[in-house]
There are 2 protein chains.
Amino acid sequence: MVGIKDVARQAGVSVGTVSNVLNRPERVSHEIRARVHAAIDLLGYVRSESARQLRAGHSRMLGLLVMDTGNPFFAVLAQGTERVAAEAGLGVMVCNSAESAAAEQGYLSLFVEQRLRGVLFAPVASDGEPWQALRRANIPFVVVDRAVDTRTACSVAADDVLGGSLAGRHLLAAGHRRIAYVHGPGHLQQVRDRREGLARAVEEAGLGIDTIVDIPAEKLDVSAGRDAGARLLGLSPRPTAVFCTNDLLALGVMQTTFDAGVRVPDDLAVIGYDDIEFAEASLIPLTSVRHPAAEIGRLAAGLLLQEIEPPDPERGHQHTGIVLQPELVVRRSSTPQP
Amino acid sequence: MVGIKDVARQAGVSVGTVSNVLNRPERVSHEIRARVHAAIDLLGYVRSESARQLRAGHSRMLGLLVMDTGNPFFAVLAQGTERVAAEAGLGVMVCNSAESAAAEQGYLSLFVEQRLRGVLFAPVASDGEPWQALRRANIPFVVVDRAVDTRTACSVAADDVLGGSLAGRHLLAAGHRRIAYVHGPGHLQQVRDRREGLARAVEEAGLGIDTIVDIPAEKLDVSAGRDAGARLLGLSPRPTAVFCTNDLLALGVMQTTFDAGVRVPDDLAVIGYDDIEFAEASLIPLTSVRHPAAEIGRLAAGLLLQEIEPPDPERGHQHTGIVLQPELVVRRSSTPQP
DNA sequence: CGGTATGGATGAAACGATTCACATCGCCGT
DNA sequence: ACGGCGATGTGAATCGTTTCATCCATACCG
């Protein structure tokens, strides 16, 4: 494999000069610059990132650790961070913890071994300090899709409790008095917060807590939603509305109930969460709480870049917690036609 | 940052021994092994991947370059390769060429700079040799989701022409005589092959080529599908069936037409391609040609691993081209209820 | 003409691991 | 007692960059 030394020999200059041509071209005379570039083209030389990293002490990559790469919500979030990172000349390595705390730790150690420049991650576990490995290694990180104490770290999240309330108020205002909450694993903060919001809305309305019927689902995907939908159909009295922890569940629920001849929204109003593209694309467009994925990704990447190199070096870095406001997007699945 | 030297000093051994503990523990006595591990824990030592890479000459990562990370088809494919790679102790770096040949080249050079161990990629451009950079750098690669000459490289693809034919025959057997083909950008091989299959089915049936009505779409996503659906509605006479290059387009088409009161499948039969999860999850489940994403991902990763280290070193490596058979998955969107 | 900036180029040290030729030691068989 | 052997440990060389102290002309100033 051809290295910088070969280029130097070919161009008849020293290795230091070649390095300068690559990194600080303005310091090198035109003529030599041309000679070096010619040599590079001739030999097909490509810089070795690993050697650069070794010298620099860290790589030129960010890590992004999400809970489900199959969920379009995270795909969009990833695209947001990728764009910002690319502008700063950084690459992004996206990994899938698949909602497993063990996998999460595995990837975090991988990130440390790789000496990533920074990490964005959506923690699975709700307790403990999953980011300890990063802390020890002095790798800047931003918590994504979950708010944490600003003494701990930067974070970018949306207000899930508010989101739950928006959904709840909407359903209650439409007269629903028996609302199912289809939810994923309870160890996820999001799952609990959204329920909490729903409960508050119920309380605001002066209704009893038994207005809410919990329907647990194994995972946060469509097939778990279908399953939950089947269980919902068996309930009696049947809820007249259902709020789901995310859109994938909602799409699954809607499909099962639709199949069974239940009319949506007339017999059953359905609300999802995240507002992924497929929510809008459903034949009965799904009412959803918009969770600004791309923006979370962009802002988080921005905070991370700031933490990596503070614009105002003397003041150092101050952790920031950004909380975005979710927004209810009302569509057909929750609003009977006149 | 603590390095192997610090560990060696702390444990009172040489650096070589620490390296042995890490890489060939069986060569080291129990006692020393324990001392070294104690030192590692005490100091919080973490191996530097970049240093290992520099020495080894290549990284322990594979690259996966796909055309749209937002398309669940590729998300599933990626999960397939990730599993196989993980078993071999390799990580995967997933990148998004976004159907742009320029971005594709950009990522390929990135891969070369990183000295990735191997690369899987779904080429955007249909002509030329997009993999030249990899060739020059001697990085093994497998072409994914597109068949190429086995003298050139390994590849894993599905037979898109056959897939198109399956869709076509299905529609023709149901009596459709005017079939729209909603397709993405024509520079993609898949787009052309699937149409070719449809055309063959039409020919087999002894019908004229004007049985097919082309409806171009800008991209291969839902919103382009909606747009195409609107144009389809304006056609007269209106096709009675529509075949789409992928499921995202089909979902978009189906939504627009459904909205306009066109009954699917009675007034308009719809077939997609890929059979992503959302095809099955649609309220009117979408008939689709199953494109085995996970399997493509797994097999391609397998071939790549073989190319990286041939099981039978004396025989060297022989490029292999795997072509999988697609399968028609008939659902409600193409079959009127009795 | 001596002194001194200045712009360009140099080459050695350092980054942190792996590897390999070599050293050491105890033990066995003759 | 000695050569040989296996098991264990050592430390220097190496990978390909970047960086920095240094050096060399050349031009400029007084």
Using the ring of each side chain (for Trp, its six-membered ring), is B:Phe121 parallel, tilted or perpendicular to B:Phe141, with breaks at 30° and 60°? perpendicular
Give the rounded distance in Å between these two atoms: CZ of A:Arg27 and P of D:dA21. 13 Å
Which ones in residues 3-20 of chain B lie close to DNA chain C, meaning a heavy atom under 4.0 Å from one of its atoms? B:Gly3, B:Ile4, B:Gly16, B:Ser19
Rounding to 10 degrees, work out the angle separating the end axes of the helix from C:dC1-D:dG30 to C:dT30-D:dA1 (five pairs an end). 50°
When the distance from CD of B:Glu113 to C1' of D:dT17 is rounded to whole Å, what number comes out? 12 Å
Less than 4.5 Å apart, side chain to side chain, heavy atoms only: is that true for A:Gln53 and A:Gln114? no
A:Asn23 CG - D:dT17 C1' separation (whole Å): 9 Å
With a 4.5 Å limit on heavy-atom distance, are the side chains of A:Trp131 and A:Thr152 in contact? yes
In this structure, how many angstroms lie between the P atom of D:dG16 and the CE atom of A:Met1, rounded? 9 Å
Parallel, tilted or perpendicular, judged at 30° and 60°: which one describes the rings of A:Phe111 and A:Tyr107? tilted
For a quick test of reading the model, state the closest non-hydrogen atom pair linking A:Arg47 to B:Arg115 and the distance between them. O-NH1, 3.2 Å
For residues A:Arg35 and A:Val13, determine if any side-chain heavy atom of one lies less than 4.5 Å from a side-chain heavy atom of the other. yes
Between A:Asp145 and A:His291, does the side-chain hydrogen bond (donor to acceptor under 3.5 Å, both in side chains) criterion hold? Intermediate values first, please. CA-CA 9 Å; A:Asp145 200 31; A:His291 197 190; 3.0 Å; yes
Output all residues satisfying side chain to side chain contact (heavy atoms under 4.5 Å, CB included) with A:Asn71, sequence neighbours left out; order by chain, then residue number. A:Asp68, A:Phe73, A:Phe74, A:Asn246, A:Leu248, A:Asp274, A:Ile276
Please tabulate, for side-chain N and O atoms in residues 79-94 of chain A, each donor-acceptor pair with protein atoms closer than 3.5 Å (sequence neighbours left out).
from, atom 1, to, atom 2, distance (Å)
A:Gln79, NE2, B:Thr69, OG1, 3.3
A:Thr81, OG1, A:Ala78, O, 3.2

The criterion is side chain to side chain contact (heavy atoms under 4.5 Å, CB included); which residues satisfy it with B:Ser100, sequence neighbours excluded? B:Ala102, B:Ala103
List in numerical order all residues of residues 29-60 of chain A for which some heavy atom is under 4.0 Å away from an atom belonging to DNA chain C. A:Ser29, A:Ile32, A:Leu54, A:Arg55
